[in-house]
Amino acid sequence: MRLSVQEAAFDAGAELNAFSASVAGAGAVVSFTGLVRDSDGSLQAMEIEHYPGMTQAAIADIAAQAQTRWSLTDVLVIHRYGRLEPGALIMMVATASRHRIAAFEAAAFLMDYLKSRAPFWKKEIGRDGATWVAAKDEDEAALERW
Amino acid sequence: MRLSVQEAAFDAGAELNAFSASVAGAGAVVSFTGLVRDSDGSLQAMEIEHYPGMTQAAIADIAAQAQTRWSLTDVLVIHRYGRLEPGALIMMVATASRHRIAAFEAAAFLMDYLKSRAPFWKKEIGRDGATWVAAKDEDEAALERW
Amino acid sequence: MEVLYFAWLRERIGLPRERVETTAPTVMALIEELKAREDRYALAFSDLKSLRVALDQKLSSLDAPLAGVREVAFFPPMTGG
Amino acid sequence: MEVLYFAWLRERIGLPRERVETTAPTVMALIEELKAREDRYALAFSDLKSLRVALDQKLSSLDAPLAGVREVAFFPPMTGG
């Protein structure tokens with residue numbers, strides 16, 4: 001299990017290949033990649049703040065919950081912080097399992113929890129100033145699925 | 001939208017990176033990769049037969065259904081046929097959307113339909129002979145989710 | 001009409017495709033004709049629950065009419081993905 | 001006790017962390033103490049629905065006791081992923 005909180009960019013394709021190569025017994029690998037979206041071309045950058053002392057432990061706790069609930073061969077979580085350009089990768093998760101439905105559910109679970117329970121805060125820097133991204137009610141509601 | 005039915009191996013990581021780079025407006029990319037699983041070390045190869053005249057059209061129909069049901073920036077499907085070694089990639093799907101839940105659901109939908117509605121048949125070649133992989137009741141039942 | 005067989009149907013019948021002259025009105029009637037031919041057909045078509053059919057490369061049902069159909073394909077439940 | 005602020009709480013209060021001497025028995029009591037200090041605290045803590053707290057780096061609730069706690073962090077709802 002690799003859980004990384006890092007400022008540096010990463011190569012999602014290389015991570016996916018390394019992850020898949022290491023899970024010989026698994027038939028199913030699901031990945032999620034989150035990118036800095038620039039809907040209308042006005043975004044200059046996204047700044048991600050986090051709580052260094054807590055982040056790694058919070059992610060490890062979420063990953064451990066996923067491994068308790070589903071039979072997973074392996075789990076990968078990478079989450080960046082700092083200043084990111086539009087189009088850049090923010091984070092990725094990957095899950096491996098014998099069965100596709102477990103891999104899908106576990107990856108969706110990880111994303112729902114990382115979104116609302118890992119101590120990251122996003123700020124969008126636009127031409128007209130900066131705005132903290134507001135948490136959505138639907139993201140909190142998504143946790144009730146599990 | 002890239003839909004490929006091919007005998008040749010492919011590089012899932014390179015495909016994921018190319019796909020993500022082409023979907024600038026999307027914030028979420030989900031991928032599924034299916035691998036030849038060798039649980040107990042007795043599998044020598046997997047042979048995948050398909051129905052050449054029908055396969056491409058069936059996949060295009062499934063992808064079109066996904067695009068009707070969810071707001072997707074793009075869809076990728078690659079499925080191999082022929083003889084594959086243990087650990088080899090069988091297929092992948094990727095979906096891109098503004099929102100993670102649409103990307104997850106569409107990828108799971110594509111997998112459920114590719115599994116039971118695209119004309120592929122798997123045969124496992126072991127030391128003691130060859131066996132056609134049996135369709136599972138749970139795979140047919142999975143279609144009822146949608 | 002072209003009749004195609006895939007996977008273990010192909011193996012049991014011993015060929016991937018053949019030309020069949022028939023006036024069978026439905027898929028089911030065609031299956032009965034084929035089963036009456038030889039044991040290998042009777043064996044291949046013995047379990048209709050495990051039989052799927054495509055008419056002109058579209059999934060269909062065993063009670064579908066064959067009028068105008070040029071290509072019939074028989075195969076077991078698919079196992080893609 | 002170390003008190004940490006993140007995201008717009010940090011910006012409104014104007015500092016990322018500070019040492020606070022307090023005998024507040026609960027998180028809520030600590031918030032009331034801080035709000036009474038200065039307007040910037042009152043503003044930062046004006047919307048309790050948008051306030052989250054971690055005690056010694058574990059998510060907790062506003063009515064949790066502070067006995068034995070060394071690090072309190074206040075922040076808005078998280079927006080990771």
Side-chain angles (χ1 to χ4, degrees), chain B residues 3 5 32-37 46-62 65 77-81 84 89-93 107-124 129-143, chain C residues 1-20 22 26-28 30-31 34 39-81:
Chain B
L3 310 175
V5 181
F32 177 93
T33 322
L35 300 110
V36 179
R37 188 173 68 205
M46 175 175 276
E47 281 179 11
I48 301 180
E49 183 171 334
H50 78 124
Y51 182 175
M54 179 176 166
T55 317
Q56 186 82 21
I59 291 176
D61 179 59
I62 293 167
Q65 285 184 52
V77 179
I78 302 172
H79 204 303
R80 295 179 66 191
Y81 58 88
L84 280 69
L89 297 183
I90 301 170
M91 51 82 63
M92 82 180 282
V93 305
F109 171 93
L110 287 169
M111 285 309 305
D112 284 353
Y113 274 82
L114 288 171
K115 197 133 207 105
S116 305
R117 292 291 182 272
F120 292 99
W121 299 275
K122 293 193 186 110
K123 191 181 195 175
E124 292 179 341
T131 318
W132 289 98
V133 173
K136 295 190 198 116
D137 290 343
E138 68 198 57
D139 286 331
E140 192 65 29
L143 299 181
Chain C
M1 161 183 306
E2 285 291 305
V3 181
L4 282 65
Y5 309 106
F6 291 97
W8 52 256
L9 271 125
R10 173 179 54 71
E11 291 181 339
R12 287 187 189 169
I13 291 167
L15 41 93
R17 61 161 63 215
E18 61 185 319
R19 184 144 196 95
V20 174
T22 179
T26 65
V27 175
M28 202 58 228
L30 172 62
I31 291 169
L34 293 168
D39 279 357
R40 58 195 170 108
Y41 288 95
L43 178 67
F45 289 112
S46 59
D47 177 12
L48 296 182
K49 276 203 315 245
S50 296
L51 184 66
R52 299 290 181 271
V53 66
L55 302 182
D56 289 332
Q57 307 180 353
K58 283 200 185 311
L59 284 175
S60 191
S61 60
L62 300 188
D63 56 4
L66 286 180
V69 170
R70 289 182 299 178
E71 183 173 300
V72 179
F74 291 110
F75 40 80
M78 292 153 275
T79 54

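What's counted below: heavy atoms across the whole structure, side chains too, no hydrogens, waters or symmetry copies. Order of the sequence lines fixes the chain letters, A, B, ..., with proteins taken first and strands second; residue numbering starts at 1 for each chain.
Note that CE of B:Met54 is 5.0 Å distant from CZ of C:Phe75, once rounded to the nearest 0.5 Å. To the nearest 0.5 angstrom, C:Met78 atom CE is 11.5 Å from B:Asp139 atom CG.
Residue C:Pro16: no heavy atom, backbone or side chain, is found under 4.5 Å from chain B. If you measure heavy-atom distances from B:Ala134 to chain C, the contacts under 4.5 Å come from the backbone alone. At a 4.5 Å heavy-atom cutoff, B:Ala57 makes no contact with chain C through either its backbone or its side chain.
Scanning both residues, B:Trp132 and C:Glu11, for their nearest heavy atoms gives NE1-OE1, 2.7 Å. The minimum heavy-atom distance linking C:Phe6 with B:Pro52 is given by the pair CE2-CD, 4.5 Å.
In this structure, C:Asp39 places its CG atom where only 12 or fewer heavy-atom neighbours from other residues, nucleotides or ligands lie under 6.0 Å away.
The greatest number of non-hydrogen atom pairs below 4.5 Å with chain C, out of B:Arg117, B:Met92, B:Met111, is found for B:Arg117. Most heavy-atom pairs under 4.5 Å with chain C: of the set B:Lys136, B:Glu140, B:Met91, this distinction falls to B:Met91.
Not one N or O on the side chain of B:Lys115 forms a donor-acceptor pair closer than 3.5 Å with the backbone of C:Thr79. Side chain of B:Lys123 to main chain of C:Trp8: no donor-acceptor pair is present (N/O by atom type, distance under 3.5 Å, no hydrogens or angles).
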Anything under 3.5 Å between a donor and an acceptor, one on a side chain of residues 59-73 of chain C, the other on a protein residue two or more places apart or in another chain? List them.
unit_1  : atom_1 : unit_2  : atom_2 : d
C:Ser61 : OG     : C:Asp63 : OD1    : 2.6
C:Glu71 : OE2    : B:Tyr51 : OH     : 2.4
C:Glu71 : OE2    : C:Gln57 : NE2    : 3.0

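For C:Tyr41, the ring pair (Phe, Tyr, Trp, His ring centres under 6.0 Å) criterion is met by no residue, not counting sequence neighbours.
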